[in-house]
Each structure stands twice: as C-alpha cells, then as structure tokens.
Amino acid sequence: MERQFRVSRVQPLTRQLGDVIPLPVSVRPDPAANFPISTHLSVSAPTEAADIAEQLAELLRHATGRPVSRTSGEDEEAASFRILLDGYDKNPDDRNGTAAEAYGLEINSETVTLRAGSNQGLFAALQTLRQLLPEEPADEIVLPGGRIEDEPRFAYRGTMLDLARHYFEPADIRSFIDAIAQLKINHLHLHLTDDQGWRLEIPGWPRLTEIGGGPGTGVDGAGPGFLTIPEYADLVAYAAARYITIVPEIDLPGHVNVVQVAYPELTADGQPVPPRTDAEVGYSSLVAGKEETYTFVEDVIRVVSDLTPGPYLHIGGDEAFSTPPEDYRTFLNRVLPLAGKYGKRAIGWHEIAAVDLPPTAIPQYWRIEPADGGVAKAAAAGHQVIMSPADRAYLDMKYDQDSPLGLDWAGVVGVERSYDWDPADRLPGVGEESLLGVEAPLWSETLRSLADVQFMAFPRLAAIAEIGWTPRADREWRSFRARLAAFGPRWTAQGINYYRSPEIDWA
C-alpha cells in the first residue's frame with residue numbers, strides 16, 4: 001500500500017548555508033549553486049556507510065513526502081545525494097582527538113555531497129544537513145548552495161541527566177538522546193546513584209535496586225525505578241548508534257545514604273540508617289577504614305565497567321563533607337586506580353584534585369568560584385579537565401526568578417549567560433590545551449517528567465553545544481540568537497517542550 005503524506009507548506013529558500021547550530025568552522029555560500037530538490041531522490045553510499053545512507057534517506061522522505069531510492073557507491077554519479085567515505089580529515093595529527101568528527105558538506109545545483117573519513121564524521125554532516133531541510137513535509141525545497149568544512153573544537157561535548165534524584169524511563173532517555181544528537185552532543189553522563197536512589201542493577205547486590213529503586217525513592221519520594229542490565233545495555237547501544245558515548249556515574253564516597261539503607265554493614269557502626277528523600281547533601285559517607293567498603297566498590301566498578309564499552313567511568317567524589325580529609329584521600333587513592341584496572345579513565349567532580357591523581361584521571365569543574373588551585377595543579381601536571389561551571393553550564397538553574405522549575409543557588413542562568421562565556425577563560429591555569437571539553441549537567445530535584453527535562457535543557461543546551469564545537473573567535477551572541485530563533489519551530493514540530501525565552505525573537 002502506497003504511503004500517504006500530508007504536505008504542510010511550501011518551503012522556499014529561506015535558510016542560509018550557515019544557519020545551523022553549532023556554527024560550522026568554515027561556511028562558503030554560493031547562491032548560484034542552490035539545489036532544488038527534485039521529484040526523483042536517490043542516495044548513493046559505500047557499503048560501510050549503509051546506516052548513514054538509510055538515515056539520510058529517511059530524512060529526505062520525511063522532509064519531502066516522496067520516495068527515495070538507494071544506489072551503491074559505483075552509481076554515485078547518478079545520485080542526487082552522495083555519501084563519500086574517503087579519508088577526509090581536516091586535522092591529520094589529531095592532537096585534540098576530534099579528527100573522527102571532521103566532515104565536508106557540498107551543495108551545488110545538481111548534487112549534495114557528504115564527505116568524511118569515518119561514519120562518525122558523516123553523522124555530524126547529516127545533522128548539519130538536517131537543519132537545512134524542513135522539519136515538516138514540504139512540496140518545494142531549495143537547499144542553499146556552497147561548501148561547509150567542519151570539525152569540533154573539543155572532543156568531549158556532553159550533557160548529564162540525573163536519574164538518582166528522579167528516575168526517567170528508558171523511552172524518555174532515548175527521546176533525550178535523539179534531541180541532543182541533533183546538536184552534535186557526543187557524551188551523555190548518567191548520574192545513576194545518590195542519597196535518594198540507586199538506578200542500575202548490580203548482580204550480587206540486589207538490595208541496591210530493590211530498596212534504592214523501589215517505591216518512595218527519589219526527591220520527595222516521587223521518582224522510583226531503575227535500569228535492568230538489559231535496559232542499560234540497550235540504552236548504551238541506542239546512544240552509540242547516534243555516536244553518543246554513555247558515561248556512567250557511581251557517586252562515591254559521599255552521596256551514598258541509599259547504599260547504607262540497603263546494606264547497613266557498610267555504615268561505620270553496622271547499624272541501619274533511615275532513608276532520605278530531601279535534597280540536602282554532604283551527610284553520608286562510605287567508611288574508608290573498612291575492607292567491606294572496597295569489596296563493595298570494586299564489585300560495582302567491575303560490573304559497570306563491563307557493561308559500558310565507552311572509555312570513561314565517573315566516580316563522583318563531590319560534597320563528601322562528612323568524610324574526614326585524610327579518609328577522603330585514603331578512599332580515592334584506593335578507588336581511582338580501580339577504574340584503570342577495569343579499562344576505564346576515571347572522571348570525578350573536581351574535588352578529586354585534592355589527591356595525587358592517576359595519570360589519565362579527569363577532574364570535572366562544577367563550582368562557581370573564579371579559581372581552583374587543585375584543578376590548576378592537575379592541569380599543570382598534564383591532566384585533562386572537563387568544564388561545567390554551575391553559574392553557566394548547569395541546566396537545572398532557573399532561567400529567571402519566575403521560572404517554575406529549577407534551583408538558584410548558583411544564580412539564574414538565562415540563554416545569553418549560558419552562551420556568553422568560554423571554557424578556556426574560566427579558571428586560571430586551565431587553558432585551552434588542558435580542556436577535554438565541556439558538559440552541561442541537569443540535576444533532577446525539581447523535575448518530574450520528560451517535558452520538564454526538555455524545558456530546562458532547551459534552548460540552553462544548544463548554547464553549550466556551540467561552545468563545545470565552534471571556534472571561540474567565531475562565536476557571537478547576535479548570530480547565535482538569530483539561529484536559535486529559527487530552531488524553535490524545529491523543536492515545536494518534534495514535540496519538544498522547550499522554554500520560549502524572552503531573550504529570543506522566536507520565529
């Protein structure tokens with residue numbers, strides 16, 4: 001049966017070649033080469049890029065309401081859309097680890113060509129092309145002609161979703177993955193454990209999820225649930241298909257009240273502790289002087305590492321206010337090397353820089369102070385740093401004092417404030433050469449639904465995405481503001497509950 005499409009409107013040429021987020025490195029428009037999408041649509045690609053070709057074909061079917069044929073690489077001359085996997089590389093020495101995402105996009109009056117040295121680069125090219133196509137079916141589409149050559153500024157461009165304070169079902173997480181992939185976000189940090197909940201099944205420790213994922217968990221007891229091992233594996237694979245790396249976090253040695261509710265033998269005196277569903281921090285701690293602590297921690301790190309093919313394991317390390325400083329150092333000196341034992345690079349909130357770090361460990365700066373000696377020392381010793389200052393990058397901060405969701409301990413963070421800063425200027429002693437990248441965390445104390453997640457993440461995550469991708473010299477608020485306004489109807493068509501910030505003249 002032939003599919004029926006509803007054509008919603010005519011889509012004349014209204015977008016310019018560079019009207020995308022993040023802004024590409026090089027945009028060379030050629031109005032004489034505008035490409036009118038014809039009735040016959042065909043995509044050619046080598047076998048190795050078959051998945052990218054199918055994604056492109058599906059985008060074209062959605063935008064045009066027309067069938068799209070597929071051809072092999074040998075028939076590329078006859079195709080209107082060509083995918084080339086030919087070693088394209090703008091950064092051959094790859095000193096910043098970004099070469100795999102480099103791509104070229106050329107639009108002329110006869111063909112559209114996506115070129116990269118890897119499928120990851122082709123996927124990035126596809127996200128750029130996607131923004132030049134209408135989000136809803138149109139019967140007349142003209143793509144702006146010219147050439148884009150592009151690669152990211154930082155290898156790590158991430159966001160974080162807190163499942164511990166409120167659990168989100170796998171379908172909601174997949175929806176979030178789809179939304180962030182369009183902005184070329186390539187890491188999703190999942191905060192899986194905290195005082196109020198434990199959200200990942202761990203064999204041998206069943207009460208972690210029986211109690212820590214059961215009814216009454218989460219802030220205000222409003223967010224029960226947990227990921228089974230198959231569900232977690234499915235999410236990891238779903239993200240990987242969109243070139244997003246899952247970064248799991250098991251927060252230690254603080255933020256562990258739910259662990260000690262489930263297993264009282266891990267408390268200092270072996271006595272049960274009451275569950276907590278408030279949003280206070282800093283009152284719980286594993287015991288650095290008990291061997292049972294390290295048996296538990298190593299079991300968890302081994303399991304999570306085995307389940308996660310990506311290179312990173314986040315061990316938290318923040319707000320351990322009830323852990324004496326010497327115990328904190330003892331704990332980290334035993335636990336941080338365990339990530340390496342199981343094949344991972346340890347990431348931790350920047351408090352971990354108080355100890356001598358393993359060579360590959362990565363501090364993640366999250367506070368609002370203008371300087372941090374520990375992070376600067378780690379950078380001077382050659383450690384890479386992820387930048388997530390709460391007064392700029394935290395997506396759970398209120399947009400303004402009237403925001404119905406969010407917190408304001410780091411101030412209110414509007415869209416311009418999210419955009420108008422640079423990671424290389426944030427901390428003395430932590431320059432461009434020390435940065436692995438940037439991440440925008442979203443804590444869930446006030447969130448209860450996917451719509452809440454979307455409201456707090458968008459549009460500010462688009463600002464962080466551009467900071468992580470676009471060269472600092474090319475970023476400019478007025479340009480971003482205009483491109484963001486044009487992005488709004490795309491989110492609307494996708495059913496994304498973004499915040500209509502008054503800072504933006506939404507199209």
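Keep in mind that what you see is a predicted model, and the values were worked out from it rather than measured.
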query = If only atom types and distance count, is the side chain of T470 paired as donor or acceptor with the main-chain N or O of L23 below 3.5 Å?
reply = yes
task = Return yes if a side-chain donor-acceptor contact under 3.5 Å exists between W366 and E319, otherwise no.
result = no
Residue pair F458 / L183, side-chain heavy-atom distance below 4.5 Å = yes
key: Separation of L133 CG from I141 CD1 (nearest 0.5 Å)   = 6.0 Å
inquiry  = Just checking D400: does its CG atom have more than 12 heavy atoms from other residues, nucleotides or ligands closer to it than 6.0 angstrom?
reply    = yes
inquiry  = What verdict does the side-chain hydrogen bond (donor to acceptor under 3.5 Å, both in side chains) test give for Y232 and T308, after you've listed the backbone C-alpha separation in whole Å, the side-chain angles of each residue and the deciding distance to 0.1 Å?
reply    = CA-CA 9 Å; Y232 180 76; T308 309; 2.7 Å; yes
key: Minimum-distance pair of heavy atoms, taken over all atoms of S418 and I467   = O-CD1, 3.3 Å
key: Q364, E439, H350 screened by side chain to side chain donor-acceptor pair (under 3.5 Å) with S388, the one that passes   = Q364
Heavy-atom side-chain contact between P471 and V25 under 4.5 Å = yes
query = Does the R345 side chain pair with the main chain of T360, one donor and one acceptor, at a distance under 3.5 Å?
reply = yes
Under 3.5 Å: donor-acceptor pair, side chain of Y499, backbone of Q454 = no
query = Between H189 and W349, is a ring-ring contact (aromatic ring centres under 6.0 Å, His included) present by the stated rule, with each step listed?
reply = CA-CA 12 Å; H189 170 183; W349 301 109; 5.6 Å; yes
message = Would the distance check show the side chain of R15 and the main-chain N or O of D19 forming a donor-acceptor pair, the cut-off being under 3.5 Å?
response = yes
ask   = Do the non-hydrogen side-chain atoms of I352 and I315 ever get within less than 4.5 Å of each other?
value = yes
task = Answer yes or no: is there an ion pair linking R475 with D422, defined by an N-O contact shorter than 4.0 Å?
result = yes
key: L132 versus P144, closest heavy-atom pair with distance   = CD2-CG, 4.2 Å
ask   = Does the side chain of Y365 come within less than 4.5 Å of L427's, by heavy atoms?
value = yes
ask   = Under 3.5 Å, is there a donor-acceptor pair linking the side chains of D150 and Y103?
value = yes
request  = Run the numbers on M160 and L190 for side chain to side chain contact (heavy atoms under 4.5 Å, CB included), then give the verdict.
outcome  = CA-CA 6 Å; M160 187 210 81; L190 295 178; over 6 Å; no
message = Any side-chain to backbone donor/acceptor pair from N497 onto F455? Under 3.5 Å, distance only.
response = no
ask   = I246 and L235: side chain to side chain contact (heavy atoms under 4.5 Å, CB included), yes or no, with the steps?
value = CA-CA 8 Å; I246 296 294; L235 282 174; 5.5 Å; no
Worked check of side chain to side chain contact (heavy atoms under 4.5 Å, CB included) between D452 and T446 = CA-CA 9 Å; D452 290 348; T446 68; over 6 Å; no
message = Could you check whether any side-chain heavy atom of L442 comes within less than 4.5 Å of a side-chain heavy atom of D162, counting everything from C-beta outward?
response = no
Heavy-atom check, side chain of L227 versus side chain of Y167, under 4.5 Å = yes
message = Does V453 form a side chain to side chain contact (heavy atoms under 4.5 Å, CB included) with D172? I'd like the steps, not just the answer.
response = CA-CA 9 Å; V453 170; D172 292 338; over 6 Å; no
task = For S118 and Q120, test the side chains for any donor-to-acceptor distance below 3.5 angstrom and give the result as yes or no.
result = no
query = Can you name the side-chain contact (heavy atoms from CB on, under 4.5 Å) partners of A380, sequence neighbours left out?
reply = none
inquiry  = So does R417 get a backbone contact from the side chain of R392, meaning a donor-acceptor N/O pair under 3.5 Å?
reply    = yes
Carboxylate-amine/guanidinium proximity below 4.0 Å for D425 and R472 = yes
query = With no hydrogens and no angle check, do the side chains of Q182 and Q131 hold a donor and an acceptor under 3.5 Å apart?
reply = no
query = Say you draw a straight line from CD of E445 to CH2 of W443; how long is it, rounded to the nearest 0.5 Å?
reply = 8.0 Å
query = Using 4.0 Å as the upper bound for N to carboxylate O, is an ion pair formed by R367 and D391?
reply = no
request  = Would you check if P363 and L357 make a side-chain contact, meaning some heavy-atom pair closer than 4.5 Å?
outcome  = yes
task = Please check if the side chain of K341 supplies one atom and the backbone of R302 the other of a donor-acceptor pair under 3.5 Å.
result = no
key: Pairs involving residues 455-467, ordered by first then second residue, that meet side-chain hydrogen bond (donor to acceptor under 3.5 Å, both in side chains) (sequence neighbours left out)   = Y419-E466, E466-R483
message = So which atom in W409 and which in M397 form the shortest heavy-atom distance, rounded to 0.1 Å?
response = NE1-CE, 3.3 Å
query = What residues, two or more places apart in sequence or in another chain, satisfy side-chain hydrogen bond (donor to acceptor under 3.5 Å, both in side chains) together with H166?
reply = none
query = How about L161 and S444: do any of their side-chain heavy atoms sit closer than 4.5 Å?
reply = no
key: Y498 and W506 aromatic centres sub-6.0 Å   = yes
inquiry  = For a quick test of reading the model, state the closest non-hydrogen atom pair linking A465 to I185 and the distance between them.
reply    = CB-CD1, 3.8 Å
ask   = Quick check: does any side chain N or O of R426 sit under 3.5 Å from a backbone N or O of A371, one acting as donor and the other as acceptor?
value = no
message = Under a 4.0 Å threshold between the charged nitrogen and the carboxylate oxygen, would D30 count as salt-bridged to R147?
response = no
Closest contact, heavy atoms only, V20 versus P24 = CG2-CD, 3.4 Å
task = Quick one: pull up CZ in F81 and CZ in R70 and give me the separation to the nearest 0.5 Å.
result = 14.0 Å
ask   = Does any N or O in the side chain of K184 come within less than 3.5 Å of the main-chain N or O of R157, such that one atom is a donor and the other an acceptor?
value = no
query = If you measure from CZ on F168 to CZ on R174, what distance do you get to the nearest 0.5 Å?
reply = 15.0 Å
query = Taking atom NE2 of H187 and atom OH of Y312, what is their separation to the nearest 0.5 Å?
reply = 4.5 Å
ask   = Is it the case that more than 12 heavy atoms not belonging to E369 sit under 6.0 Å from its CD atom?
value = yes
request  = Over all heavy atoms of both residues, which pair between A116 and A102 is shortest? Give the atoms and the distance, please.
outcome  = CB-O, 3.5 Å
task = Answer yes if the side chains of R82 and T113 hold a donor-acceptor pair under 3.5 Å, and no otherwise.
result = yes
ask   = Salt bridge or not for K377 and D372, using N-O below 4.0 Å?
value = no
task = With side-chain hydrogen bond (donor to acceptor under 3.5 Å, both in side chains) as the test, would you mind laying out the steps for D178 and Y238 before giving the verdict?
result = CA-CA 9 Å; D178 288 338; Y238 190 87; 2.8 Å; yes
ask   = Which value, rounded to the nearest 0.5 Å, describes the distance between L126 atom CG and D51 atom CG?
value = 11.5 Å
query = Between N119 and E48, is there a donor-acceptor pair closer than 3.5 Å when you use the side chain of the first and the backbone of the second?
reply = yes
